[in-house]
Amino acid sequence: MPPPADQKTAPLPRNQKIAPLLRQPEASDGAAVWQLVSECAPLDRNSMYCNLLQCDHFADTSIIAEHDGDIIGWISAYIVPNEPDTLFIWQVAVAERARGTGLASRMLRGLLDRAACAGVTSLKTTITDDNEASWALFRRFAAAQGAPLEREAHFRRDEHFAGRHATEHMVTIGPFGAEKKAAA
Ligand SMILES: CC(C)(COP(=O)(O)OP(=O)(O)OC[C@H]1O[C@@H](n2cnc3c(N)ncnc32)[C@H](O)[C@@H]1OP(=O)(O)O)[C@@H](O)C(=O)NCCC(=O)NCCS
């Protein structure tokens, strides 16, 4: 039986382990993923069609966290074209009530453990200067992997965003080895 509506918005207990199901997305998850991303500022809200394509075409490298039938976590990612050893993390979203429980970190590790990521030795993502939670997540992840983290301005405010979006810094974590991945 699904939980009552008010229970869905209550924070999940901090410092208490919850065990959401981590799984590959399916096309039928697209609308719920779109809803979660919409509720996770400052993420850009993509079209629902974009999330649908991610759930369908990028299912092997994307991950959903499900708790009591609700999607409470999501990472969209893909292997960079012409860079088969690099996983690019597109968006990470954790429902507000589930934050601080280590869920984003667990989803990242879950992705790297996938067969589709067997050849991955580096991870890339882009982060704006002001997204503290994102910096904390990826710094923590790099430390857990024992891997270096490098950053440099990549998509720039004026050159690439016509002044409408803060500069996105390309963050590269790696290379990391197979034994490090398993131990993290
Ligand atoms: C960023 C986000 C995905 C983190 O999810 P999460 O499940 O709470 O992250 P975790 O619990 O795995 O935390 C990982 C590390 O980051 C730290 N962290 C998480 N949120 C933080 C915050 N707001 N400020 C400072 N540190 C934070 C945690 O303390 C943890 O480090 P620790 O293990 O040393 O304590 C989540 O806050 C979110 O969805 N934010 C809105 C969308 C967004 O900005 N996404 C960024 C995309 S990369």
Side-chain angles (χ1 to χ4, degrees), residues 1-80 87-114 116-117 123-138 140-141 155 160-162 164-171:
M1 194 174 27
D6 57 347
Q7 200 173 314
K8 284 190 176 182
T9 53
L12 293 168
R14 293 196 177 236
N15 304 320
Q16 187 181 316
K17 287 205 167 169
I18 56 160
L21 172 72
L22 299 187
R23 63 168 176 85
Q24 279 195 203
E26 297 171 4
S28 54
D29 293 313
V33 165
W34 181 86
Q35 185 62 40
L36 175 65
V37 171
S38 305
E39 292 165 3
C40 285
L43 292 181
D44 285 338
R45 181 189 285 201
N46 297 307
S47 67
M48 196 180 283
Y49 186 70
C50 171
N51 292 124
L52 177 55
L53 285 179
Q54 290 171 335
C55 287
D56 195 7
H57 293 176
F58 296 94
D60 284 352
T61 51
S62 297
I63 190 165
I64 274 177
E66 192 178 317
H67 182 70
D68 281 346
D70 271 343
I71 292 178
I72 59 168
W74 160 253
I75 296 180
S76 47
Y78 57 86
I79 306 284
V80 179
L87 182 70
F88 183 81
I89 305 294
W90 186 339
Q91 283 186 321
V92 184
V94 170
E96 206 166 340
R97 66 199 168 98
R99 291 182 192 163
T101 63
L103 183 54
S105 309
R106 264 180 283 155
M107 289 194 293
L108 281 175
R109 283 195 290 270
L111 274 182
L112 286 177
D113 287 341
R114 293 257 183 92
C117 295
L123 178 155
K124 285 187 180 177
T125 194
T126 69
I127 310 179
T128 53
D129 260 335
D130 60 353
N131 193 334
E132 286 176 27
S134 193
W135 284 109
L137 168 64
F138 284 101
R140 177 78 182 84
F141 186 76
F155 296 125
H160 299 101
F161 289 116
R164 294 175 174 215
H165 188 292
T167 294
E168 293 273 357
H169 297 267
M170 181 66 77
V171 172

Counting N and O atoms only, with roles assigned by atom type, does the side chain of [X] sit under 3.5 Å from a partner on the main chain of [Y], one being a donor and the other an acceptor?
X: Gln91; Y: Asp44; value: yes
X: Thr125; Y: Ile89; value: yes
X: Arg114; Y: Ser62; value: yes
X: Arg106; Y: Thr101; value: yes
X: Trp74; Y: Ala95; value: no

Exercise answer: donor-acceptor pairs, residues 47-59 side-chain atoms, under 3.5 Å, sequence neighbours excluded:
unit_1, atom_1, unit_2, atom_2, d
Ser47, OG, Cys50, N, 3.0
Asn51, ND2, Gln54, OE1, 2.9

Spatial distance of atom [atom1] ([X]) from atom [atom2] ([Y]) [nearest 0.5 Å]:
X: Thr61; Y: Leu111; atom1: OG1; atom2: CG; value: 7.0 Å
X: Asp70; Y: Gln35; atom1: CG; atom2: CD; value: 11.0 Å
X: Thr167; Y: Ile127; atom1: OG1; atom2: CD1; value: 13.5 Å

Return the set of residues passing side chain to side chain contact (heavy atoms under 4.5 Å, CB included) with Ser38 (not counting sequence neighbours), or none when no residue passes.
Trp34, Arg45
Could you list the residues that satisfy side chain to side chain contact (heavy atoms under 4.5 Å, CB included) with Thr126, not counting sequence neighbours?
Phe88, Phe155, Glu168, Met170
Is any side-chain heavy atom of Pro25 closer than 4.5 Å to a side-chain heavy atom of Val33?
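No; the side chains remain at least 4.5 Å from each other.
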Shortest non-hydrogen separation from [X] to [Y] and the atoms involved:
X: Pro20; Y: His67; answer: CB-CB, 4.3 Å
X: Leu137; Y: Ser105; answer: CD1-OG, 3.6 Å
X: Ala65; Y: Leu22; answer: CB-CD2, 3.6 Å
X: Val92; Y: Ala104; answer: CG1-CB, 4.0 Å

Can you list the residues that meet the side chain to side chain donor-acceptor pair (under 3.5 Å) rule with Asn131, with sequence neighbours excluded?
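Once residues adjacent in sequence are excluded, Asn131 has no partner under the side chain to side chain donor-acceptor pair (under 3.5 Å) criterion.
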Only pairs at least two apart or in different chains count here, so list each salt bridge (charged side-chain N to carboxylate O under 4.0 Å, His left out) that has a residue in residues 20-29.
Arg23-Asp29, Arg23-Glu66
Check step by step if side-chain contact (heavy atoms from CB on, under 4.5 Å) holds for Ile79 and Leu87.
CA-CA 5 Å; Ile79 306 284; Leu87 182 70; 4.1 Å; yes
Could I get the full list of salt bridge (Lys or Arg N to Asp or Glu O under 4.0 Å) partners for Asp129, not counting sequence neighbours?
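If we apply the salt bridge (Lys or Arg N to Asp or Glu O under 4.0 Å) test to Asp129, skipping adjacent residues, the hits are Arg151.
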Please report the C-alpha distance between Cys40 and Val94 in whole Å, then the side-chain angles of each, then the deciding distance to 0.1 Å, and finally whether the side-chain contact (heavy atoms from CB on, under 4.5 Å) criterion is met.
CA-CA 7 Å; Cys40 285; Val94 170; 5.9 Å; no
